Peer 1: 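Would you mind keeping the following structure in view while I ask a few things?
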Amino acid sequence: LFNIDSKSDADSKVKKDAIVKVFMSVFNDWQGFCGAIPWLAEMERQLVKRGTFQEFQTAFAEVAGDTWFNFRANAYFDRDYIIAALVKTAGMSQESAIQWFDNAESNYSINIESFAKLVQDYCNQTQHRVVFMVDEMGQYIGESSDLMLNLQTLTEDLGTYLHGKAWVVVTSQEDIDGITKNRVKGKDFSKIIGRFATKISLSSSNTDEVIKRRVLEKNEVAQDTLKLIHAEKGASLRNLICLAGTAEMKSY
């Protein structure tokens with residue numbers, strides 16, 4: 001579950017593959033890999049496949065003096081530590097480890113098909129299902145046909161490779177009719193609408209229920225405690241929210 005705008009780079013909207021990059025970053029982060037630096041996450045993934053990731057973390061901590069997870073966000077500054085740990089645990093020579101690190105970012109690439117295959121591998125290995133719940137997708141795409149196509153192809157490939165094991169749920173503040181008429185050309189929109197066959201209407205009338213269930217409901221112990229407090233303080237609370245000349249405030 002994530003807000004796509006908060007997870008994307010500042011200049012990502014101008015790139016045609018922006019959406020799949022955000023999905024890849026979130027998927028890496030969710031698996032415990034480095035979401036902020038995709039090529040580093042790929043290194044972690046390969047070490048896990050080889051069964052040497054734990055050894056790499058131990059070797060890195062020995063030379064760096066701190067854990068890998070505390071240092072990895074600053075990978076560019078920790079070049080020597082990473083190279084030393086790779087030489088010790090990944091079966092790489094000093095020269096090959098240096099060459100790999102110096103070229104890792106430029107050699108890394110991600111496309112929709114390879115992302116779908118990564119999700120497929122994960123689901124097959126774990127027997128899990130994955131649901132990507134993306135908030136504010138409508139605002140993020142805006143009038144961009146490129147981003148619309150990127151999302152369309154992403155959902156299509158996830159469907160092709162995973163056969164229903166991966167779902168994509170997106171939200172938009174505008175209703176579908178409003179998007180079709182005001183922002184996106186009908187032909188462009190019709191291409192993607194078939195990929196999202198299930199439509200869920202979330203109106204403002206749901207707000208009370210959301211507040212009550214997510215914010216105010218407590219576990220049994222807390223409920224019993226609150227009942228005792230309410231017996232003492234209930235009258236005072238009612239007086240505080242029942243003010244003359246103001247709108248009635250609902251209690252719960």
Side-chain angles (χ1 to χ4, degrees), residues 1-126 128 130-136 140 150 154 158 166 168:
L1 174 64
F2 61 98
N3 181 309
I4 189 166
D5 198 38
S6 70
K7 291 288 186 180
S8 65
D9 295 332
D11 62 343
S12 63
K13 287 189 183 182
V14 300
K15 300 174 183 176
K16 293 183 178 181
D17 57 353
I19 291 177
V20 69
K21 285 185 174 180
V22 177
F23 271 66
M24 186 74 249
S25 173
V26 171
F27 189 60
N28 282 336
D29 195 45
W30 184 68
Q31 287 187 279
F33 301 134
C34 184
I37 308 175
W39 61 265
L40 201 64
E42 185 59 30
M43 181 199 78
E44 293 175 314
R45 183 176 280 107
Q46 293 305 318
L47 290 172
V48 168
K49 284 184 178 179
R50 297 180 183 187
T52 58
F53 189 36
Q54 190 61 50
E55 293 176 30
F56 171 83
Q57 293 177 56
T58 303
F60 182 88
E62 288 174 358
V63 294
D66 202 349
T67 66
W68 165 246
F69 296 105
N70 287 339
F71 267 73
R72 66 181 180 181
N74 300 312
Y76 298 103
F77 295 97
D78 303 321
R79 175 179 180 274
D80 293 344
Y81 299 150
I82 295 173
I83 290 170
L86 285 173
V87 170
K88 191 172 182 179
T89 62
M92 301 172 74
S93 67
Q94 182 83 9
E95 292 77 15
S96 61
I98 291 172
Q99 186 176 11
W100 174 85
F101 187 94
D102 291 342
N103 296 305
E105 184 172 14
S106 59
N107 289 339
Y108 174 82
S109 64
I110 184 69
N111 57 42
I112 292 173
E113 184 179 27
S114 58
F115 171 71
K117 287 180 179 179
L118 280 177
V119 179
Q120 181 187 37
D121 289 343
Y122 171 80
C123 290
N124 289 340
Q125 291 168 11
T126 62
H128 288 173
V130 180
V131 182
F132 296 93
M133 305 190 73
V134 194
D135 198 17
E136 302 294 359
Y140 186 78
N150 201 222
L154 177 65
L158 285 174
V168 178

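Along the sequence shown, residues are numbered consecutively beginning with 1. Just so it is clear, the model here is predicted, and its values are computed rather than measured.
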Peer 1: Say whether, by atom type as modelled, one donor and one acceptor occur between the side chain of Asp17 and the main chain of Val20 under 3.5 angstrom.
Peer 2: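 Not at all, since once roles are kept as given, no pair shorter than 3.5 Å links the two residues.
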
Peer 1: Show your reasoning for whether side chain to side chain contact (heavy atoms under 4.5 Å, CB included) applies to Ile82 and Met43.
Peer 2: CA-CA 11 Å; Ile82 295 173; Met43 181 199 78; 4.3 Å; yes

Peer 1: Quick one: does Phe2's side chain get under 4.5 Å of Asp135's, heavy atoms only?
Peer 2: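 Counting from C-beta outward, Phe2 and Asp135 never come under 4.5 Å.
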
Peer 1: Between CG of Leu118 and CD of Gln31, what distance do you get to the nearest 0.5 Å?
Peer 2: 7.5 Å

Peer 1: Run the side chain to side chain contact (heavy atoms under 4.5 Å, CB included) test on Asn28 and Glu44 for me, step by step, so that the C-alpha distance in whole Å, both residues' side-chain angles and the decisive distance to 0.1 Å come before the verdict.
Peer 2: CA-CA 10 Å; Asn28 282 336; Glu44 293 175 314; over 6 Å; no

Peer 1: Given 3.5 Å as the limit, does a donor-acceptor pair link the side chain of Asn150 with the main chain of Ile19, or not?
Peer 2: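 Yes, because the side chain of Asn150 sits within donor-acceptor range (under 3.5 Å) of the backbone of Ile19.
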
Peer 1: Please walk me through it: do Ile110 and Met24 pass side chain to side chain contact (heavy atoms under 4.5 Å, CB included)?
Peer 2: CA-CA 8 Å; Ile110 184 69; Met24 186 74 249; 3.6 Å; yes

Peer 1: Calculate, to the nearest 0.5 Å, the distance between atoms CD and CG belonging to Gln54 and Leu47 respectively.
Peer 2: 11.5 Å

Peer 1: Closer than 4.0 angstrom, basic N to acidic O: yes or no for Arg79 and Asp102?
Peer 2: yes

Peer 1: Drop me the distance from Asn111's CG to Lys117's NZ, to the nearest 0.5 angstrom.
Peer 2: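 Atom-to-atom, Asn111:CG and Lys117:NZ are 8.5 Å apart.
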
Peer 1: For Gln94 and Ile83: C-alpha separation, side-chain torsions, deciding distance, then whether side chain to side chain contact (heavy atoms under 4.5 Å, CB included) applies.
Peer 2: CA-CA 7 Å; Gln94 182 83 9; Ile83 290 170; 4.0 Å; yes

Peer 1: Quick check: are there more than 12 heavy atoms from other residues, nucleotides or ligands sitting under 6.0 Å from CD of Gln99?
Peer 2: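 12 or below, so no.
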
Peer 1: Would you call the rings of Trp39 and Trp100 parallel, tilted or perpendicular, taking 30° and 60° as the class edges?
Peer 2: perpendicular

Peer 1: Quick check: Phe53 with Phe60 (ring centres under 6.0 Å apart)?
Peer 2: no

Peer 1: If you define the side chain from C-beta out and look only at heavy atoms, does anything of Val63 sit under 4.5 Å from Lys88?
Peer 2: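 Not touching, per the 4.5 Å side-chain cut-off.
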
Peer 1: Does a side-chain heavy-atom distance below 4.5 Å link Tyr76 with Ile37?
Peer 2: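 Answer yes - side chains close enough.
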
Peer 1: Name the one of Phe69, Trp68, Tyr81 that satisfies ring pair (Phe, Tyr, Trp, His ring centres under 6.0 Å) with Phe56?
Peer 2: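 Of the listed options, the one satisfying the test is Trp68.
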
Peer 1: Find the distance between CD1 (Ile4) and CE (Met133) and round it off to the nearest 0.5 Å.
Peer 2: 14.0 Å

Peer 1: Check for a donor-acceptor pair, side chain of Thr126 on one end and backbone N or O of Tyr122 on the other, with a separation under 3.5 Å.
Peer 2: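 Indeed, once roles are kept as given, a pair shorter than 3.5 Å links the two residues.
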
Peer 1: I'd like to know if the side chain of Ser93 reaches the main chain of Ser96, judged simply by a donor and an acceptor atom lying under 3.5 Å from each other, with no hydrogens or angles considered.
Peer 2: yes

Peer 1: Just by modelled atom types, is the Gly35 backbone N or O under 3.5 Å from a matching donor or acceptor in the Ser25 side chain?
Peer 2: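 Yes, the answer is positive, given that a donor and an acceptor are paired below the 3.5 Å cut-off.
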
Peer 1: Is there side-chain contact between Phe23 and Val119, with at least one heavy-atom pair below 4.5 Å?
Peer 2: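 No, every pair of side-chain atoms sits at 4.5 Å or beyond.
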
Peer 1: To check you understand the geometry: which heavy-atom pair defines the closest contact between Pro38 and Tyr108, and what is its length?
Peer 2: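 Scanning both residues completely, I find the closest heavy atoms to be CB-CE2, 3.5 Å.
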
Peer 1: Please tell me if the side chains of Tyr140 and Asn3 come closer than 4.5 Å, counting only heavy atoms from C-beta onward.
Peer 2: no

Peer 1: The criterion is salt bridge (Lys or Arg N to Asp or Glu O under 4.0 Å); which residues satisfy it with Arg50, sequence neighbours excluded?
Peer 2: none

